[in-house]
Amino acid sequence: MWTKRMWVSLMFVSAFMLAAGSASAQSGFGVRAGATASPDQFYMGAHMDVKEIVERFWFRPNAEVGVGNGLTLFSLNGEFVYDIPLKSSTRWVPYVGGGPALLIGTVNTPVGRFTDTGGGFNFLGGIRQRKGLMAEMKLGAIDSPDFKIGIGWTW
C-alpha cells in the first residue's frame, strides 16, 4: 500500500509538473509504461518536457511507480535529454540523456511492511515524436532499477 509520504511526494511532483507546463508553450506532458529488470516489475508514470535549456537540450522530469515481486517502487527522476539532430526531415527524433533519481521502495513481508528511501542515477536513450509516441530504454545505477524499457505518449 501507499504510505502518506509517497502520496505527498506524488502530489508535489504532479503540481510542479502542471505548473511548469503552463509556463512554456513548447512543453509537453506525457504518460509512460513498461517493464524493469532487477527488480522485475511493471511500471507506469508521467513526464513533462519542462524547459529547453539550450537548443535540443531539455529538462524532462518524470515520476514512475513500479509494482511486482512484493515491492512497490516510487521514483522521482530529474532527467535531462538531448535531441540528436538528423539531416533529413523526419517526425522521429532520437535522444540520449540521464539524471538523478529519488527512490522510495516499500516491501510487504509476513512480519510487516518496510519502506526505504535511496538515490540513483539513470542513463537513457530513445526515440520520440515531438507530440506523440515515444520508446525509451534506461540503464540504472546505485539504487535505480538495472534496466527499464517502455513506451509512452506526449501531448
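Values below: all heavy atoms of this structure, side chains included; hydrogens, waters and symmetry mates excluded. Computed from a prediction, not measured in an experiment: that's the story for all the values here. Along the sequence shown, residues carry numbers from 1.
For the residue pair Pro145 and Thr36, the shortest heavy atom distance occurs at CB-CB, 4.1 Å. Minimum heavy-atom separation, Asn108 to Arg113: OD1-CG, 3.3 Å.
The CG atom of Asp49 sits 8.0 Å away from atom CG of Asp83, with the distance rounded to the nearest 0.5 Å. In this structure, the separation between CD1 on Ile84 and CZ on Arg56 is 10.0 Å, given to the nearest 0.5 Å.
For Asn69, the side-chain contact (heavy atoms from CB on, under 4.5 Å) criterion is met by Asp40, not counting sequence neighbours. For Asn122, the side-chain hydrogen bond (donor to acceptor under 3.5 Å, both in side chains) test picks out Asn77, Glu79, Ser144, with sequence neighbours left out.
Thr154 places no side-chain N or O within donor-acceptor distance of the main-chain N or O of Gly30, the cut-off being under 3.5 Å.
The number of heavy-atom neighbours closer than 6.0 Å to CG of Leu133, taken from other residues, nucleotides and ligands shown, is above 12.
Neither Ile151 nor Met44 shares a network with the other; the hydrophobic side chains, linked directly or stepwise wherever heavy atoms of I, L, V, M, F, W or Y lie under 4.5 Å apart, form separate groups for each. Cluster membership for Leu102 and Phe74, using ILVMFWY side-chain heavy atoms within less than 4.5 angstrom, is shared.
In this structure, the side chains of Trp155 and Lys131 stay at 4.5 Å or more apart for every pair of heavy atoms.
Between Phe57 and Phe80, the angle of the ring planes stays under 30°, which puts this pair in the parallel group of the 30/60° scheme.
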